[in-house]
2 protein chains.
Amino acid sequence: MPVTLKDISHAAGVSIPTVSLILNGKGDQYNVNTRKRVLKTAKELGYRPNAGALAMRRGRFNTIAILQTADYEKNQLPGPTLGGIRSTLEPKDMHVMLAALPDEKLTSKAYVPKILREWMTDGLLINYTHGFPERMIELIDEFRIPSIWINTKQKHDCAYPDDLAGGVMATEYLLALGHRDIAYMDVSHASDKLEEAHYSARDRLAGYEQAMKAAGAKPRVILGDAGGSSANRLPMLTALLGRGDRPRAILAYGHSISIAYAAARCGVRIPEELSFVSFDAKQRSDLGLPITTAEVPCMEVGCAAAKMLLDKIDRVDRKLPAKVLGFRMAEGRTVAPAK
Amino acid sequence: MPVTLKDISHAAGVSIPTVSLILNGKGDQYNVNTRKRVLKTAKELGYRPNAGALAMRRGRFNTIAILQTADYEKNQLPGPTLGGIRSTLEPKDMHVMLAALPDEKLTSKAYVPKILREWMTDGLLINYTHGFPERMIELIDEFRIPSIWINTKQKHDCAYPDDLAGGVMATEYLLALGHRDIAYMDVSHASDKLEEAHYSARDRLAGYEQAMKAAGAKPRVILGDAGGSSANRLPMLTALLGRGDRPRAILAYGHSISIAYAAARCGVRIPEELSFVSFDAKQRSDLGLPITTAEVPCMEVGCAAAKMLLDKIDRVDRKLPAKVLGFRMAEGRTVAPAK
DNA sequence: GTGAAAGCGCTAACAC
DNA sequence: GTGTTAGCGCTTTCAC
């Protein structure tokens, strides 16, 4: 139904290439009247070039796809990451396609997602930290689809945050305020589960320990597996924070809202009685109290990954060195100098 | 660089149509050996059909685009909505493209986003509640792009939640627990700003008032413009909740975390001393305490919108009646029977 | 059983 | 200044 060059050429009484050249600004050679006429008819008819035809000619779709799980609870791409990707792609007039892969099917040997089955994008951003089947990787490899991994620690073709340095930075931030009694709190991972968790769980902790050690302060690590079931989390946290020997400062891997809420329920005032820094994709202000946050450089990861992918699309088969992005402290109102 | 039918036809020593027919399962007529050979070479070479060529032939891209602001803080599509859209489209092998439009440019007269400039999708889901320029609508109209609006109240071609009924439902939920002293709290909108706010702000309130009136209970409406600046929010809320005449139950338009946190800071215990229900896209458990929530039917809106769009794509130019979706109560642990 | 030819919308090379 | 021709990858029709 849509309007094609042919339609315009008929309406304007000229040939198809004439229309094409004029509409693409390459029609200087043509008579001014012809040019005007063509431009006018194109506008009147509401012409839009057919992206399929363009893609075929150019051998490029000007589109990349983001591969992620369909389970939106599990692995949503943070808004800023998407923003970074978008803003990098936009100037190149490139588009983003979402490819959400159903976890159930992903393991089945025969399943090939449509996005891989068809050649429809110039490259892939893969947003899987784990649970991405070997077979998918083989497929991507076999099809030679330019791909960059997001938030996965590899030597090549990936962009991820520097969680170790982030851990150091956040700890030093509290140390600089005079705190010594700083606990590291990760209520999503029990100590025996740390090994199989996302690398950020290990690296942030390691960064904390490193910084504490360097400052001659005694690390205090609180781990626990209450991340999944919110039912256990609050009792666990109130028990911890209600005790007399509770830490004076906390660096939290996540679940910052729970911790602040538990503190409030225990009558522990933030920041007067407890300084509190958390890691997060973005500083949160849901509490009405902006949380001092070591912000994951999501946007930067998105930008870097997109830029790398563009690179890879242009020069296929080259391995690109991993890009590691630094955290940023977002000042909030949950920390006070140690007394 | 990618493999085409031509490549396969060369490698297998047959003609292109032969390959095409066989790969598309329409090659019963062909010799078994030919068939096997073609299938094998296709697999070996890693053939993937070119989506551009297919789109050209079929006159369909099997792709829809979601139009929204590039400002990811403002109008992100809720995960469940996207999930609903995806799950509706997936069985049809259709893809979702993200079109994030920069707010700054959107007002400029000359700007036409690439997604509209090119014919590259079969239809549009428009996720703008307000701030979508008239000119964009004209463009979409002019280009006759099948479109459905999400979360916008119109007579036609849109899907949105029934906020009025949602307000009634949430209020009746608290009334059924014996509560009478139920306040409606919206700290994002001052009363004089309600008129220009999203319709949900008015409708949920109206639903509350309606249900209270029907029950013979006295409405108590607390409005205030502290949504944007988190700095004011906490003081405002603690002042409210610290007072002796604070309500025994609250129905909150949003900012549920702030309210619960403020209550905790005031020493007001939830749910013993304060029953608390909030509207939200999804029940939140960040607090470690699942909030009893009137859930916006995001997923349902996504499903409905996607289904309508598919309809519209097939039969262009038909107006579809608006689809209105009901809320759902998600039980949490923030309510108790009135004493 | 298989291949040749045409056409989808577009652009680039070349002829007049 | 403008039109003709060819070809991108694919499917469909039809001839052999």
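All chains are named by letter (A, B, ...) in the order of the sequence lines, taking the proteins before the strands, and each is independently numbered beginning at 1.
In the helix from C:dG1-D:dC16 to C:dC16-D:dG1, the end axes, each obtained as the rotation axis mapping the C1' atoms of four pairs onto the next four within a five-pair block, lie 60° apart to the nearest 10 degrees.
Ion pairing between B:Asp311 and B:Arg315 holds under the 4.0 Å rule for side-chain N and carboxylate O. Salt-bridge formation is not detected for the pair B:Asp157/B:Lys319: no Lys NZ or Arg NE/NH1/NH2 atom is positioned less than 4.0 Å from an Asp or Glu carboxylate oxygen. The pair B:Asp317-B:Arg144 meets the salt-bridge criterion, since a charged nitrogen lies less than 4.0 angstrom from a carboxylate oxygen. Comment: A:Glu90 engages B:Lys105 in a salt bridge, judged by a side-chain N to carboxylate O separation of less than 4.0 angstrom. The pair A:Asp93-B:Arg117 counts as a salt bridge, with a side-chain nitrogen and a carboxylate oxygen less than 4.0 angstrom apart.
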*Report the C-alpha distance between A:Asn151 and A:Thr129 in whole Å, list the side-chain angles of each, state the deciding distance to 0.1 Å, and finish with yes or no for side-chain hydrogen bond (donor to acceptor under 3.5 Å, both in side chains).*
CA-CA 6 Å; A:Asn151 295 339; A:Thr129 53; over 6 Å; no
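Note on residues 1-50 of chain A: no pairs pass ring-ring contact (aromatic ring centres under 6.0 Å, His included), not counting sequence neighbours.
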*For nucleotides 3-9 of chain C, just jot down a letter per nucleotide in 5' to 3' order: B, S or -, based on protein non-hydrogen atoms under 4.0 Å.*
BBB-BBB
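Taking atom CD1 of B:Ile22 as the reference point, atom P of C:dT2 lies 7 Å away to the nearest angstrom.
Under the rule for a ring-ring contact (aromatic ring centres under 6.0 Å, His included), B:Tyr111 has no partner lying at least two apart in sequence or in another chain. For A:Asp122, the side chain to side chain contact (heavy atoms under 4.5 Å, CB included) test picks out A:Arg60, A:Phe61, A:Asn62, A:Met94, A:Ile313, with sequence neighbours left out.
The aromatic ring centroids of A:Phe143 and A:Trp119 lie 6.0 Å or more from each other.
First and last contacts of DNA chain D with chain A, using any nucleotide atom under 4.0 Å from a protein heavy atom and ordered 5' to 3', fall at D:dG1 to D:dG9.
Of the side-chain N and O atoms in A:Lys26, one or more sit less than 4.0 angstrom from OP1 or OP2 of C:dA12.
Comparing B:Asn31 and A:Asn24 by the nucleotide of DNA chain C that holds the closest heavy atom to each, the one mapping nearer the 5' end is B:Asn31.
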